[in-house]
Amino acid sequence: MTTRNTDIRLVVLDMAGTTVADGGLVERAFEVAAGEMGVVPGSADHAEKLAYVRSTMGESKISVFRHLFGAEALARRANTAFETAYGELVDGGRITAVPGARGAIEELGADGRTVVLTTGFARTTQEAILDALGWRDLVPLTLCPADAGGRGRPYPDMVLEAFLRTRAVDDVRQVAVVGDTSYDVLSGRRAGARVVAGVRTGAHGDPEFREAGATHVLDSVAALPALLFHEGR
């Protein structure tokens, strides 16, 4: 089967940093979680943990905290503090849509493409973001790691879950995956998606995208319809 960009019928989009501009809320919520866990601001331990959070943007947050704090009970305590803090920031109006994101999603849907929104956050946080933006009915399916057996990016599970649940396509080569981190790119590559694009509106940039195997790098998700509506290699 030979596929072209115009054959893409399932589009799996990341949220924070890709379709949603959160203005660094992940780091702010981490500060709250770190304080809850007794990590002293300005310490070497704090700096090391913050660096890890930055380098793993896009990964399931509970997985990040498991790495940082080891024991499952500690990881869950930190994750709960993080998700609560992030949700409060969202409720406080601290997020907006990436310019052109909603229009791109609607344009893709109008053309018969199925769009799925995914996140590394917990379901409650994802729903808070959707509510804040008025996006509850924007797409037919939203997924978080728990919806795909608990494994988030860089595993391919959420992409494959979208493939299985939507039944929108017959072949993973008819799937596009788009995100702002190398973890998004890795998940798309591992799922076998034809188009795996990094966007320059979030955590990572061109070097990380290329190293992870991105097929395309876009200035923004707003450029995605033009890519998919024209034949490409």
Side-chain angles (χ1 to χ4, degrees), residues 1-20 58 60 97-98 100-121 123 126-127 129-131 133-181 183-199 209 212-218 220-233:
M1 175 181 177
T2 301
T3 57
R4 301 161 295 181
N5 291 349
T6 50
D7 295 322
I8 301 295
R9 310 311 298 173
L10 175 60
V11 181
V12 181
L13 303 177
D14 170 52
M15 293 180 65
T18 302
T19 54
V20 179
S60 167
V98 167
R102 181 175 187 128
I105 292 169
E106 291 176 336
E107 191 174 355
L108 292 167
D111 191 56
R113 325 268 177 142
T114 298
V115 180
V116 176
L117 293 174
T118 65
T119 185
F121 296 129
R123 167 59 65 182
Q126 183 179 46
E127 290 178 346
I129 295 170
L130 295 170
D131 287 340
L133 296 176
W135 282 12
R136 276 281 189 167
D137 300 318
L138 184 60
V139 298
L141 180 65
T142 61
L143 295 171
C144 66
D147 298 318
R151 295 201 311 181
R153 311 179 192 102
Y155 297 101
D157 301 26
M158 285 195 290
V159 178
L160 297 176
E161 188 71 15
F163 174 83
L164 291 170
R165 287 203 195 187
T166 63
R167 298 176 179 265
V169 295
D170 300 322
D171 193 310
V172 291
R173 288 173 292 180
Q174 294 172 288
V175 178
V177 175
V178 182
D180 69 297
T181 73
Y183 282 69
D184 294 293
V185 172
L186 283 169
S187 71
R189 295 292 294 183
R190 291 171 177 178
R194 171 180 167 74
V195 170
V196 182
V199 291
F209 296 143
T215 60
H216 302 79
V217 178
L218 306 174
S220 162
V221 71
L224 184 61
L227 174 65
L228 299 186
F229 292 167
H230 297 89
E231 290 191 17
R233 65 172 187 72

- Non-hydrogen side-chain atoms of Met15 and Val98 separated by less than 4.5 Å: no

- Task: Check whether any side-chain N or O of Asp171 sits under 3.5 Å from a backbone N or O of Arg173 as a donor-acceptor pair, and report yes or no.
- Result: yes

- Query: Do Arg194 and Ile8 come close enough that some side-chain heavy atom pair is under 4.5 Å?
  - Reply: yes

- Task: To the nearest 0.5 angstrom, please state how far the OG1 atom of Thr215 sits from the CZ atom of Phe209.
- Result: 11.5 Å

- Task: Enter the distance from Phe121:CZ to Glu127:CD here, rounded to the nearest 0.5 Å.
- Result: 14.0 Å

- Message: Against Leu10, only a single residue in Leu141, Val175, Val172, Val159 fulfils side chain to side chain contact (heavy atoms under 4.5 Å, CB included); can you say which?
- Response: Val175

- Item | Test applied, side chain to side chain contact (heavy atoms under 4.5 Å, CB included); reference residue, Val139; option that passes from Thr19, Val115, Val11 | Val115

- For residues Ala222 and Ala104, report the shortest heavy-atom separation together with the two atoms involved. CA-CB, 4.1 Å

- Query: Are side-chain heavy atoms of Val199 and Ser220 found at a separation under 4.5 Å?
  - Reply: no

- Message: For a 4.5 angstrom cut-off between non-hydrogen side-chain atoms, does Thr119 reach Leu117?
- Response: no

- Query: Below 4.5 Å, heavy atoms only, C-beta onward: do Leu13 and Leu224 meet side chain to side chain?
  - Reply: yes

- Message: Rounded to the nearest 0.5 Å, what separates atom CD in Gln126 from atom CZ in Arg123?
- Response: 4.5 Å

- What's the shortest heavy-atom distance between Arg189 and Ala212, and which atoms? CG-O, 3.8 Å

- Under 3.5 Å, is there a donor-acceptor pair between the Arg136 and Thr142 side chains? no

- About how many Å separate CG of Leu143 and CD of Glu161, when rounded to the nearest 0.5 Å? 6.0 Å

- Asp14/Arg153 ion pair, N-O < 4.0 Å: yes

- Message: Restricting to side chain to side chain contact (heavy atoms under 4.5 Å, CB included), what partner residues turn up for Leu138, sequence neighbours left out?
- Response: Arg102, Ile105, Glu106, Trp135

- Item | For the student: nearest non-hydrogen atoms of Ala191 and Pro156, plus distance | N-CB, 3.6 Å

- Item | Shortest non-hydrogen contact from Ala214 toward Gly198 | CB-N, 4.4 Å

- Query: So, the side chain of Arg113 versus the backbone of Leu228: is there a donor-acceptor pair under 3.5 Å, distance only?
  - Reply: yes

- Item | Value rounded to 0.5 Å, distance of CG in Asp7 from CG in Asp170 | 11.5 Å

- Query: Is there side-chain contact between Asp147 and Arg165, with heavy atoms separated by less than 4.5 Å?
  - Reply: yes

- Message: Does any part of the side chain of Thr114, heavy atoms only, come nearer than 4.5 Å to the side chain of Pro140, both counted from C-beta?
- Response: yes

- Query: Checking side chain to side chain contact (heavy atoms under 4.5 Å, CB included) for the pair Val12/Met158: CA distance, chi angles, key distance, verdict?
  - Reply: CA-CA 9 Å; Val12 181; Met158 285 195 290; over 6 Å; no

- Indicate whether the side chain of Ser187 and that of Asp184 have a donor and an acceptor atom separated by less than 3.5 Å. no

- Would you find a donor on one side and an acceptor on the other, under 3.5 Å apart, between the side chain of Arg190 and the backbone of Pro154? yes

